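A quick note: this is a predicted structure, and the numbers were derived from the prediction, not measured. Each chain gets a letter, A, B and so on, in the order the sequences are listed, and its residues count up from 1.
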Amino acid sequence: MIRREPAWRIFSSELNNAVPIPSGEDEYAPTYVISPLGAKINRVLVVGVITDITNVGSDEEPLLRATVSDPTGPVYVSAGQYQPIAAQALSELNPPEFVAVVGKVRVYSPEPGVNYLSVRAENVRPVAEDLRDTWVIEAAKSTLERIEAMKEVLNMDIPDAEEVHKIGFRKRIADGVVRATQEFGTTDLEYYLSSVIDAIQMLNPDAKTPSIDQFTLPKGAPRPAAAPKDEKIDASNEEDEELVLEVVKGLAEGDSIALMDVIEACESKGLDKVRVEEAINALMDKGLVYEPILGQLSYI
Amino acid sequence: MKDNDFGPHLEELIRALPDVSSEQIEEELRECLEVFKISVKDAKRSILKRHGGDFRGMPGVDRNIVDLVPYETVNLKAKIISVNGRTIERNGVEQEMFYGILADESGSCPFTAWKDFSLEKGQVVAIESASIREWNQEIRINLGEMTGVNKLDEDLTPTFSVSRSSKMYEVNDLKDKMGNVGLKVRVLDVEKRTVNTENGPKEIITGTIGDGSGKVPFTSWIDVDMKVGSSYEIGNAYVRSWRGVPKLNISDNTSVTEMTEDTLPPVEELAKDHTEAIDDIMEKGGAASVAVQGMIVDVRNGSGLVFRCPECSRVLKKDMCMIHKKVEGRPDLRIKAVVDDGTGALTAIFNNALTEKILGKSLDDAMEQVRESMRYEVVHDEIAEKVLATPVVVHGDVTYDEFGPMMIVRQYEPAEVDIKAELETLIDKLGGMT
């Protein structure tokens, strides 16, 4: 039975904390990540503001990387030679503008416990602002549904998907929240509730939303897995960035240097390509390096 | 089986076999049912036979309809709520039979009469020695050779429990292969049609019925009087699906009783398509006349200008039909779009007329455009440009087969979201979670 994977509407705050789950025996089986609130994701729909687009490949074999921000944070999007339609559409955009991106979630794990998530675009379109607003509402609804399902699970002695389904949640939500508790232990519901409240405030700053301390959330042990993981990502990101910046400064010598050379030099220092690209993107965001011409890097 | 469960059957046997002690009969009945575990019907028949009794013509026991249990012989006083006749063929002989609904002050029940008792709708009758049968988990009153029917010159106020043994469902819950289905519905449209069957042309009734949960097409294989706008209680109907689209079937064994009052919404409201989540539709295996609200996330290959075989309408590949080989293709426009609502995704097929509307150009214009650009894909590209990432509501039946869920779109409109109202709902929901 062919069953196309649905495109989850999910905030970046939740998506970026998802972890890959082992795929089955079948090599053609879709791969999934599971989010802390139990979204079992293969495909996503992200509608937000595209803030930058970079070609980290070559002119012949472009690999475009872009950042799309929703009210809760950024999502990294990529499109290369195997996604020609999406790559073409991405290259025609002029950031910042509102976009819709449909694509599959890819995970890069340079070491156990460290996961870099990105969305490999299948289709990219510029959209109007009201579509972004609609998306925010859909994502917020879907987040609240999972928070409610997760509350049920956290109150159970033994997590049981069948029981959660009986309460009235869809099977895939029930299965997902139970799976997430196996993966993450307890989940910081407060964090994701705050995301929803932030998103509502973004749409209407005058909205009378309850404050986060008004909620009674199931108390479990504070999330053991995810909190230190976040720090680790940040720490390693900064180390990567420092290294890359050093390399650029060393090689460019006041002028510019080919992107490929930077990647090669960094690789020889033990940093792989994806992490180099992540670091370059971050440095560009911070304004520490820039591309005077496509494929060339220079520092400020 | 507990003692009291075969109480009426035991009494009946004791009455039918006056020469045998009641203890012995009870012992034998218990043995049949609890040790050998044969059916009540077979047990009674075998015990009667063993003692030289006759099942048929056994004096009936007085019963109210609500108390009927299978394989009893009973006497009833009941009102004929409905009666229909038909001719059946039995062992090569044509025979008349009648069926309908009987009701008394306790309840109602379908009946079958195997001979003509001149039954008339509305008549109150005293029935003696009718046998009670169970069919499809539904109880039926059988009037046969041994049954006596006397017309009474009195009236009674019937109680309707038309399908008391049919499980009551909502339309939205109907799935393939369900039997003994009970529903309370309003008729949305109805039409008499003639279909060709093995036994020649047959008149059937088709239409759509609905309740607050959704609507479903139906076919009646019998002549029932169903009027648009009226509401009916249906008992013992069954469901058959075609590629996941359910259809309710009304047959000889189905009871259809007009309801004098109901709380169902009016026709105009029921006729609207229910918006359903794609995941829920897939869970059911398909759906009839629904609306799906989602975003067009992909325009699949095979969209745009296609050429069809003039014989079979299959889309040609390289001017060749799979079946009819090289043919002169007939041009057509269509869109195969993927509509995704976050819970699932389905393929939505837009026909020529809808595609022309979306493109804002006719088939001829599209042909001209292809001729000028010398690229067939130009139409596909323009469609993608127009519809990708647009929120839509599509209406139609959703079929579900090995290629996944699919809808031949009957109607579509842009999805309009009232962001202010949705925000209010969200904030209320959040408030409810504190």
* **Heavy-atom check, side chain of I323(B) versus side chain of C309(B), under 4.5 Å** => no
* So which of I10(A), I197(A), N123(A), V102(A) has the largest heavy-atom pair count under 4.5 angstrom toward chain B? -> N123(A)
* Asked: Non-hydrogen atoms of chain B under 4.5 Å away: do they reach the side chain of K171(A), the backbone, both or neither?
  -> side chain
* I173(A) versus chain B, heavy atoms under 4.5 Å apart: side chain, backbone, both or neither? -> neither
* Asked: Would you call K175(B) and V239(B) a side-chain contact if the rule is heavy atoms closer than 4.5 Å?
  -> no
* With rounding to the nearest 0.5 Å, note down the distance linking CZ in F184(A) to OG in S35(A). => 6.5 Å
* To do: Give a yes or no on whether a salt bridge exists between E276(B) and K284(B), defined as a side-chain N under 4.0 angstrom from a carboxylate O.
  => yes
* Structure fact -> Counting heavy-atom pairs under 4.5 Å with chain A, the top scorer among T347(B), V417(B), V338(B) is V338(B)
* Contacts with chain B made by residues 65-95 of chain A (heavy-atom distance under 4.5 Å), listed by residue number -> none
* Heavy-atom side-chain contact between W8(A) and R43(A) under 4.5 Å -> no
* Structure fact -> Whatever's closer than 4.5 Å to a heavy atom in chain A on D428(B) counts as neither
* To do: Determine which residues belonging to residues 131-148 of chain A lie within contact range of chain B, meaning some heavy atom pair is under 4.5 Å apart, and list them by number or answer 'none'.
  => L131(A), D133(A), T134(A), I137(A), A140(A), K141(A), L144(A), I147(A), E148(A)
* Measure distances from E385(B) to the heavy atoms of chain A and classify the residue's part below 4.5 Å as side chain, backbone, both or neither. => both
* M295(B) portion near chain A, given a 4.5 angstrom heavy-atom threshold -> both
* Asked: What residue in L423(B), T343(B), V297(B) has the most heavy-atom pairs under 4.5 Å with chain A?
  -> T343(B)
* Tell me, for E122(A) versus chain B, whether the close heavy atoms (under 4.5 Å) come from the side chain, the backbone, both or neither. => neither
* To do: Decide yes or no for V379(B) and V370(B): does some side-chain heavy atom of the first lie under 4.5 Å from some side-chain heavy atom of the second?
  => yes
* Asked: With a 4.5 Å limit on heavy-atom distance, are the side chains of Y192(A) and T187(A) in contact?
  -> yes
* Heavy-atom pairs under 4.5 Å with chain A, option from L346(B), I419(B), T390(B) with the top count -> I419(B)
* Could you tell me which portion of A100(A) (side chain, backbone, both or neither) has an atom closer than 4.5 angstrom to a non-hydrogen atom of chain B? => side chain
* Side chains of D340(B) and R9(A) in contact at under 4.5 Å (non-hydrogen atoms) -> yes
* To do: Decide whether T209(A) and Q201(A) meet the rule of one side-chain donor and one side-chain acceptor closer than 3.5 Å.
  => yes
* Quick one: are V101(A) and L45(A) in side-chain contact, heavy atoms under 4.5 Å? -> no
* To do: Determine, for D211(B) against K184(B), whether the closest basic-nitrogen to carboxylate-oxygen distance falls under 4.0 angstrom.
  => no
* Asked: Do K386(B) and E382(B) meet the salt-bridge criterion of a basic N to acidic O distance under 4.0 Å?
  -> yes
* Asked: Hey, does N351(B) have a side-chain heavy atom less than 4.5 Å from the side chain of V409(B)?
  -> no
* To the nearest 0.5 Å, tell me how far R172(A) CZ sits from D279(B) CG. => 5.0 Å
* Salt bridge flag under 4.0 Å for residues E183(A) and R179(A) -> yes
* Checking heavy atoms, do the side chain of A384(B), its backbone, both or neither come under 4.5 Å from chain A? -> backbone
* Asked: Taking S213(B) for the side chain and V171(B) for the main chain, is one N or O donor matched with an acceptor at less than 3.5 Å?
  -> yes
* To do: Select one option (side chain, backbone, both, neither) describing which atoms of D298(B) are under 4.5 Å from chain A's heavy atoms.
  => both
